[in-house]
Structures are given as structure tokens and as C-alpha cells.
Amino acid sequence: MNAIVDQIGDLAEAGEKMVERLRRKAFLPESRKELTIRFGIAEAAQMLGCSTNRIRMAEEDGRLPPAPPTQNGRRPGYNVDELLNMRRVLGASPERAPLDAPAIIAVQNFKGGVGKSTVTTHLAHYFGVQGYRVLVVDCDSQATTTTLFGFNPHFNIQRDETLYPYLSIDPTQVDLLYAVKHTSWPNVDLIPSNLELFDVEYELAAAGSDGGSVLAARFRKLKQGLMDLARDYDIVLLDPPPALGTISLAVMQAANALLVPLAATTPDFCSTVQFLSMMDQVIGQLQDAGISVDYSFVRLLCSKFDANDPSHAMVRAIMEQSFGPALLPVPILDSAEISHAAMRMMTVYELEKPIGTPRTHKRCRANLDEAMGQIEALVRQGWGRVAPAREEDIVNAAA
């Protein structure tokens, strides 16, 4: 083989070793991601929609464990496990009712660089903070989402731990339970990916060239496998490849909602228009082949938006004019805090303290909460329920 071409493998190997070094540095001492975030009593009360007195009373009467010990006269705050228990005890769990269908949301755009995996992971952690049971399925062989969850796709994940054994032409698994991994979040699980998942594309493409029956069967199989798993979750987030391949088609058919992230640039806008046009054609072909596609909502989410850049404002105005209410009103702002967290293979929701200035962190977190909250509202509308009533609203109504 050409010596210059051989360099590609050397570069890949060197890069993989560096990724592992970065991961080990980020997750010392055990090279495993741990969740260290804590919430003060005021923040916990706000998330649960109750008063701080109600939490203190539950601690005093034994319904909740005693308040965490103080440090220098201040409470260190509640961890996510304690917050989830608090939700159960105080009746503030947002979990869906048994008859409500789990939301299976595909976060998809064929344009790379729009923040698809970043949006997926932040959305998963937002739902985790809010108390939902979440499953994230990394369907992209680039495995960026898997990496953000603290797993090294090259060193930590084998092909048999991905979707491959279930979707391959010669499957060795009859359901997807084998692939579910627990993460540092107690209520967020992950089906990981790695580069070898791309073998499914070759296999299914070859099968499709001989007739669509095998391909159609795999599409239905992914949907069935996800529906079986989803019984134990409220939200399932699918991160497909940024290309129109067989896995992307299977994800499109398996999802019951679609979220399309796009950056506020002219190339991203034009590419997304092409993506939507192609989606329309492909969905028509799938339905003609007897493969149903049905979404409870389709929304576009502007990501990496710089409010101080006039070109971003102009492109966003074009988006609003073109897409109307299908474009979510609150964009994700381009923030150094998101980039800094990603360098540590984390999301903003996992940061124990700001990386940049406290003001930047607070502004970024508030924006993410508002942007992700739009999607939460769409999910809850699909369940026929809005957010649980807040304690003060009930008191005021009775007054």
C-alpha cells in the first residue's frame, strides 16, 4: 500500500490513544464518569414545583432522609438520586401514565456540524434532571454521543454491545436488552455505538439490492425492539448517522417524533431544506412499500445561534419566514460553556461549577433549560397532560 495512505491508519491510532488519555484525565480516579452535581434546596423546590418548607417538613417527619450534612454552615445540596427519591415521595414525578405512549424522538439532519449529538446529549440530561426515565440510542458509527456519555468507542465498546447483533443480516440477539448500559445518571441509560456498527450499512444495503423484503423486515425490527424497551422509559432519544443510509431510514420509521437541529448559516439552511425534501420523498417511498411512518410532532431547532452576529439574525429570520411555527421559538445560543464542557466529555448539566464566568454559565444553563423545555412541552402534549400543578397555584386557586 502507498506509504502516504498508510499514514491514515497511523493518524487514526494516534488519535484513538489521545482520546483515551483525555477520557482518563477527565474521569479520574477510576477512568469512569461520575455525576457530582448537586442542587440546593431552593433549586430542588423549584424543579419539584413545591415550597422549601414542604421538603423540610418531609425530612423532619421521616418521609425523606435527613437533610444532607452542612459544610461551613451550608447544605452541600441534593444529588440526582436524592432528587429522584424526593420526586417519588412528594408526588412530583413527571413520568408518563401507563397508557401514554413513550416519546421516541429522532434527532436528525443529514448536514454534519449542526450539533446533533450535542443536542441529543443535552436533551437527555435535561430530561434526566427533570425526573424522566430516558434511553439514548446511539445509531451513528461515529459514536459522538457514546463518547459524551464517558465511553471510549474504540477501547470500551465492542461490536456486540451495539445495535449490530440485533440488526445484522445474521442476528445473534432477539431483543435489545443486551445493549442497554447504565450511565452516571441513575435515570438515563444508553445503547452505545462504535465504528463497527457501520457494517450494518453494508449488509442491509446488499440485502436491499436483492429485494426490499429483508430491508423492510429490519426497519420493522428496530421499531419493535425499541417499542419493547420503551415500556420502561418515558423518553427514547435516537441519534442516527448524518446521512441517508439504511440505519437512518430505520430510525426514521422507528421514531414517533422528529427534531431537526440546524445552525443559523446559509449553507445549513439550504442543506436542511434539501434534507426535508429528501425526507418527504423517502417517507412517501416507505409508505408505498407498506412501511408506516407517523410522527406526533416535527420541529426544527436552531442551534449554535450567536445573537450578536447580524448574519445569524438574518438567517434565523429566513427560517421563521420559511418554517413558521415548526421552528421552535427559542434557539440554543452559541456558548463557550457548551464547548468547554464538551472538551471534558460532559454537558453543561453535568458541571458541578462553572468553567467560564458564573454569569456565562448561568446564561447558558437558563437558555438550555428554556430551549429543551420547549421539547418537553411537546412530549407532554402528546400525553394529553401539561406539567404537574405547582403547589402555589393550587393554594392560590383555593383562596
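The first residue of the sequence shown is numbered 1, and numbering continues consecutively from there.
The two residues A44 and M86 have their closest heavy-atom pair at CB-SD, 4.3 Å. Closest approach of L301 to V330, counting heavy atoms only: CD1-O, 3.6 Å. For the residue pair W383 and P94, the shortest heavy atom distance occurs at CZ3-O, 3.8 Å. In terms of heavy atoms, A124 sits closest to F149 at CB-CZ, 4.2 Å. Contact detail for V348 and C364: the closest heavy-atom pair is CG2-SG, 3.9 Å. Scanning both residues, T52 and A42, for their nearest heavy atoms gives CG2-CA, 3.9 Å.
Applying side chain to side chain contact (heavy atoms under 4.5 Å, CB included) to P241 and the options K116, Q142, E201 leaves one that passes, E201.
Considering only residues two or more places apart in sequence or on other chains, Y132 meets the ring pair (Phe, Tyr, Trp, His ring centres under 6.0 Å) condition with F127. Contacts of D61 classified as salt bridge (Lys or Arg N to Asp or Glu O under 4.0 Å), with partners at least two apart in sequence or in another chain: R63. Every residue meeting the side chain to side chain contact (heavy atoms under 4.5 Å, CB included) condition with P240, not counting sequence neighbours, appears here in chain and number order: Q108, S248, V251. With sequence neighbours left out, the ring pair (Phe, Tyr, Trp, His ring centres under 6.0 Å) criterion links F323 to F269. Scored by the side chain to side chain donor-acceptor pair (under 3.5 Å) test, E352 finds T36 as partners (sequence neighbours excluded). In terms of the side chain to side chain donor-acceptor pair (under 3.5 Å) criterion, residue partners of D234 (sequence neighbours excluded) are, by chain and number, R133. H340 is linked by a side chain to side chain donor-acceptor pair (under 3.5 Å) to nothing, counting only residues two or more places apart in sequence or in another chain. Under the side chain to side chain donor-acceptor pair (under 3.5 Å) criterion, T347 pairs with H125, not counting sequence neighbours. Taking the salt bridge (Lys or Arg N to Asp or Glu O under 4.0 Å) definition, one finds that K181 meets it with E161, sequence neighbours left out.
The structure places NZ of K223 at 5.0 Å from CD of Q253, a figure rounded to the nearest 0.5 Å. Atom CG of L368 sits about 8.0 Å away from atom CZ of R365, to the nearest 0.5 Å. Note that CG of L84 is 11.0 Å distant from CD of Q130, once rounded to the nearest 0.5 Å. Note that CE of M278 is 8.5 Å distant from OG of S271, once rounded to the nearest 0.5 Å. With values rounded to the nearest 0.5 angstrom, E60 atom CD is found 9.0 Å from N53 atom CG. Expressed to the nearest 0.5 Å, how far OG of S339 lies from CG of D334 amounts to 6.5 Å.
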For this session: Start with the C-alpha gap between I291 and R220, add the side-chain angles, then the distance that decides, and say whether side-chain contact (heavy atoms from CB on, under 4.5 Å) holds.
Result: CA-CA 8 Å; I291 302 171; R220 294 189 179 96; 3.9 Å; yes

Problem set entry | Residue pair E376, M372: steps toward the side-chain contact (heavy atoms from CB on, under 4.5 Å) verdict | CA-CA 6 Å; E376 179 188 12; M372 302 303 167; over 6 Å; no

Problem set entry | side chain to side chain donor-acceptor pair (under 3.5 Å) between D239 and T145, worked out | CA-CA 8 Å; D239 185 9; T145 294; 2.5 Å; yes

For this session: Determine, step by step, whether M319 and L300 satisfy the side-chain contact (heavy atoms from CB on, under 4.5 Å) criterion, reporting the C-alpha distance in whole Å, the side-chain angles of both residues, the deciding distance to 0.1 Å, and the verdict.
Result: CA-CA 9 Å; M319 292 180 190; L300 294 95; over 6 Å; no

Problem set entry | Steps toward side-chain contact (heavy atoms from CB on, under 4.5 Å) verdict (V200, I247) | CA-CA 8 Å; V200 171; I247 292 179; 4.1 Å; yes

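Residue pairs meeting the ring pair (Phe, Tyr, Trp, His ring centres under 6.0 Å) criterion with at least one partner in residues 243-267, sequence neighbours excluded, are absent. The side chain to side chain donor-acceptor pair (under 3.5 Å) analysis of residues 309-320, with sequence neighbours excluded, yields the pairs D309-S311.
Counting only distance, with no hydrogens or angles, the side chain of T147 and the backbone of N152 share no donor-acceptor pair below 3.5 Å. Panel note: side chain R299, backbone L327; no donor-acceptor pair is recorded below 3.5 Å. The main-chain N or O of I235 is never found under 3.5 Å from a side-chain atom of R96 such that the two would form a donor-acceptor pair. Panel note: side chain N187, backbone G128; a donor-acceptor pair is recorded below 3.5 Å. The backbone N or O of L64 lies less than 3.5 Å from no partner atom in the side chain of E59, so there is not a single donor-acceptor pair. Of the possible donor and acceptor atoms, one in the side chain of S322 sits under 3.5 Å from a partner among the backbone N and O of I318. A distance-only check finds a donor-acceptor pair linking the side chain of R54 to the backbone of L90 [under 3.5 Å]. The closest donor-acceptor contact from the side chain of E350 to the backbone of I37 lies at 3.5 Å or more, if one exists at all. Remark: the backbone N or O of S117 is not paired with any side-chain donor or acceptor of T144 at under 3.5 angstrom. Under the 3.5 Å distance criterion, the side-chain polar atoms of N367 are matched with a main-chain donor or acceptor of P331.
Using modelled atom types, one finds a donor on one side chain and an acceptor on the other under 3.5 Å when comparing D268 with T265. In the model, Y164 has a side-chain atom that pairs as donor or acceptor with a side-chain atom of E203 under 3.5 Å. Side-chain contact check for T146 and D138: at least one donor-acceptor pair (N or O, by modelled atom type) lies under 3.5 Å. Under the 3.5 Å distance criterion, with hydrogens and angles disregarded, a donor-acceptor pair is assigned to the side chains of Y349 and D369. S296 and N256 form no side-chain donor-acceptor contact under 3.5 Å, judged by distance and modelled atom types alone. A donor-acceptor pair shorter than 3.5 Å cannot be found between the side chains of T162 and N194. A donor atom on one side chain and an acceptor atom on the other are found under 3.5 Å apart for N109 and T272. Counting only N and O atoms by type, the side chains of Y78 and N85 include no donor and acceptor under 3.5 Å apart.
L190 has its side chain out of reach of V180: every pair of non-hydrogen atoms, C-beta onward, lies at least 4.5 Å apart. Residues L163 and L197 have side chains in contact (heavy-atom distance under 4.5 Å, counting atoms from C-beta outward). V134 is not listed as a side-chain neighbour of W185, based on a closest heavy-atom distance of 4.5 Å or more. Contact check for H154 versus L195: no side-chain heavy atoms found under the 4.5 Å cut-off.
Contact check on E82 versus R38 returns a salt bridge, with a Lys/Arg side-chain nitrogen under 4.0 Å from an Asp/Glu carboxylate oxygen.
Here L333 is tied into one hydrophobic group with F305, each link being a pair of ILVMFWY side chains closer than 4.5 Å.
One hydrophobic cluster, built from ILVMFWY side chains closer than 4.5 Å, holds both L238 and L177.
Residue D294 places its CG atom among 12 or fewer non-hydrogen atoms of other residues, nucleotides or ligands, all under 6.0 Å distant.
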